[in-house]
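Predicted, not measured: the structure shown is a model, and the values here were computed from it. Chain naming here is simple, since letters A, B, ... match the order of the sequence lines and numbering starts at 1 in each.
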Amino acid sequence: MDDSRHILLETGAFIHSAVNEDLKGRLSELHTRFPPEPGGFLHIGSAKAVYINFELAKIYGGKCNLRMDDTNPAKEEAEFVQAIQDEIKWLGYDWEDRLYFASDYFDKFYGYAARLIEKGLAFVCDLSADELRASFGGIDKAGVESPFRGRSVEENLDLFARMKNGEFGDGAKTLRAKIDMASSNLNMRDPVIYRIAHKTHSNTGDKWCIYPMYDFAHPLGDAIEGVTHSLCGLEFRDHRPIYEWYINNLDFEQKPRQIEFAEISVENTILGKRHLRKLIAEGNADGWDDPRLVTIMGMRRRGYPPSAIRDFLGNAGVSTAKNNTVEFAMLEHFVREHLAPVSKVVMAVLNPLKVVIENFPEGEVEMLNIDGREVPFCREIFVEREDFMEEPVKKFFRLAPGNEVRLKGAYFVTCTGVEKDADGNVTEIRCTYDPATKSGTGVEPPRKVKGTIHWVSAKHGVPIKAMLYDTLVLDTPEGEKELNPNSLIEMPNALGEPCIADATVDDRFQFMRNGYFCLDSKDANGTEGLVFNRIVSLKSSYRPQ
RNA sequence: UGGGCUGUCGCCAAGCGGUAAGGCACAGGACUUUGACUCCUGCACUCGAAGGUUCAAAUCCUUCCAGCUCAGCCA
């Protein structure tokens, strides 16, 4: 089922040829890495980076490290370190014993920075954050060189050591690379290498009060770990020159190469950390694991198989540099495809309408064998409210006055009447059944019937709550995101056939004609009764009227 | 208006000088005790536009048009 290996080989040709060329065929030497910042949870966008880095290494028999990019103590928390590992494992990948932390290299980073100073390629700058920003210039304006750019190697070395020793306050000084303030690439305008931040780091504690910037730490981290190919999102395209500048100026034997791929975006979803945080803070999402979110936690709770996510990612393609927004329907397609073979098909009625079978003996319970299950059938059952129409539209093959349908695995029934309340709402329908049409007897029914509907015994039905999801937000034509008012529909009075009382969180069901469902893992001990999440609906070619 | 990048079916996406793969979606049809699944069938004489080179161009050249992206002591 999981042919992602094949898919990734077909797509992302630019990566394959680059890797092939660099390694001159020794592809098992391919070494990649997935470098998350432990400052948040992973989502489908991060999953693509996980997928590409790990999958590519797997295809060629190479290795992929997991490196926590924890160079900014202000934004990172230890809890994410474990969460991210769980998420990657769930996605199906293994970094073996190669879990690393950028912070493990702080000593080395410091040494390399000093090296840059000695080579006259870095200097300590006293400009304030505001002054620095102003001196950077702009998109069509060259920057201005720092007045501290000419300091001697000795002075720089001394100042840098004193920065490290905590002699200066936050923001008082920075270490900067000496490159080119007139570069058309803003990342090359004497970028900051180290900043001062008297903050406790989750890994190194108070040992450091200066921390390296991403642009400096990332290539060095790659080089130190022996990474051959640093595959990252397109957003880092403009950083490639600075990545190479550090690598080339620090004389690494084996130079890692950065290759970018287009990030994925899925229609009607939100990926941005701050946007997600806002949704959660405002109560519009039920935490990071809200099943309507395409966070890893959300998709996991929703019931998406990880293999479906991998397959989706592979099929959505690994393009070079094109903006793309994949339709949500494509994700759902792969979810269905991977769910179908592992799901047990059972009956559940989401919106129950009582049916009394008038000629079925009162009090009698008949056990029916449906696909190997024993399912009780009796005089009073529930069917889906949507499966009955008092005044049927044309091509409505379900229950309607005078109309005969098959009850799945049971008998043919004909609607003979309707009961209503004072407001005219249908409260129950009356039917008669034909004993000669019993299912599974091997005897051909005496006549054909167009519709087969699902049902649950009134006496034996297990009360459940069904959660029907749609995406939390909708894309507007203007390119904005708006809340989807119908992103959650709760069906509190749903009923399932008896066997679902034994469901575990790992079980996947297809509720016949209603979609794929699983137990909500958030409420695994059932304090709210049995809560089932609809993972994805079934496709339907039925169009009323 | 500086730099980088991109424009192939509604959405993804192959293709890299030899006459437009595939998936999703959609539309027909077959099958059907899930209006599901499965199975057939259809779905770009055309590759952002215009010129040019060539026996031959989505693929090469030129110009133009459109879109995305970059100014954290974030990653």
Original post:
Does A/Arg310 come within less than 4.0 Å of A/Glu55, counting only side-chain N to carboxylate O?
Top reply: no
Original post:
Please give, in whole Å, the distance from B/rC73 P to A/Lys75 NZ?
Top reply: 12 Å
Original post:
Taking the side chain of A/Thr71 as its heavy atoms from C-beta onward, which of B/rA75, B/rC26, B/rA13 lies nearest to it?
Top reply: B/rA75
Subject >> Test of ring centre spacing under 6.0 Å for A/Tyr51 and A/Phe261 >> reply: no
Original post:
Just wondering, do A/Tyr214 and B/rA75 stack (centres under 5.5 Å, planes under 30°)?
Top reply: no
Original post:
Could A/Arg398 and A/Tyr542 be counted as a cation-pi pair, given that NZ or CZ must be under 6.0 Å from the ring centre and within 45° of the axis?
Top reply: yes
**OP:** Indicate, yes or no, whether a donor-acceptor pair under 3.5 Å links the base of B/rG3 to the side chain of A/Asp238.
**Re:** yes
**OP:** Pick base, sugar-phosphate or nothing for A/Gln510, based on heavy-atom distances below 4.0 Å to the nucleic acid.
**Re:** base
Original post:
So does A/Glu235 reach the base of B/rU69 with its side chain, donor to acceptor, closer than 3.5 Å?
Top reply: no
**OP:** Please work out whether B/rG72 sits syn or anti, treating a glycosidic angle within 90° of 0 as syn.
**Re:** syn
Original post:
For A/Arg513 and B/rG35, is the shortest distance between a side-chain N/O and OP1 or OP2 below 4.0 Å?
Top reply: yes
**OP:** Answer yes or no: is there a donor N or O on one side and an acceptor on the other, between the side chain of A/Thr295 and the main chain of A/Trp288, under 3.5 Å?
**Re:** yes
Original post:
Across the strands shown, which category fits A/Phe396 at heavy-atom distances under 4.0 angstrom: base, sugar-phosphate, nothing?
Top reply: base
**OP:** Between A/Asp69 and A/Asp140, just flag the one whose closest nucleotide in RNA chain B comes earlier from the 5' side.
**Re:** A/Asp140
**OP:** Measure from CD on A/Glu263 to C1' on B/rA75 and round the result to the nearest Å.
**Re:** 12 Å
Subject >> Polar side-chain contact A/Arg240-B/rG4 base: donor and acceptor under 3.5 Å >> reply: no
Original post:
Side chain of A/Thr452, base of B/rU34: donor and acceptor closer than 3.5 Å?
Top reply: no
Original post:
A/Phe216 CZ to B/rA75 P: how many Å, rounded?
Top reply: 13 Å
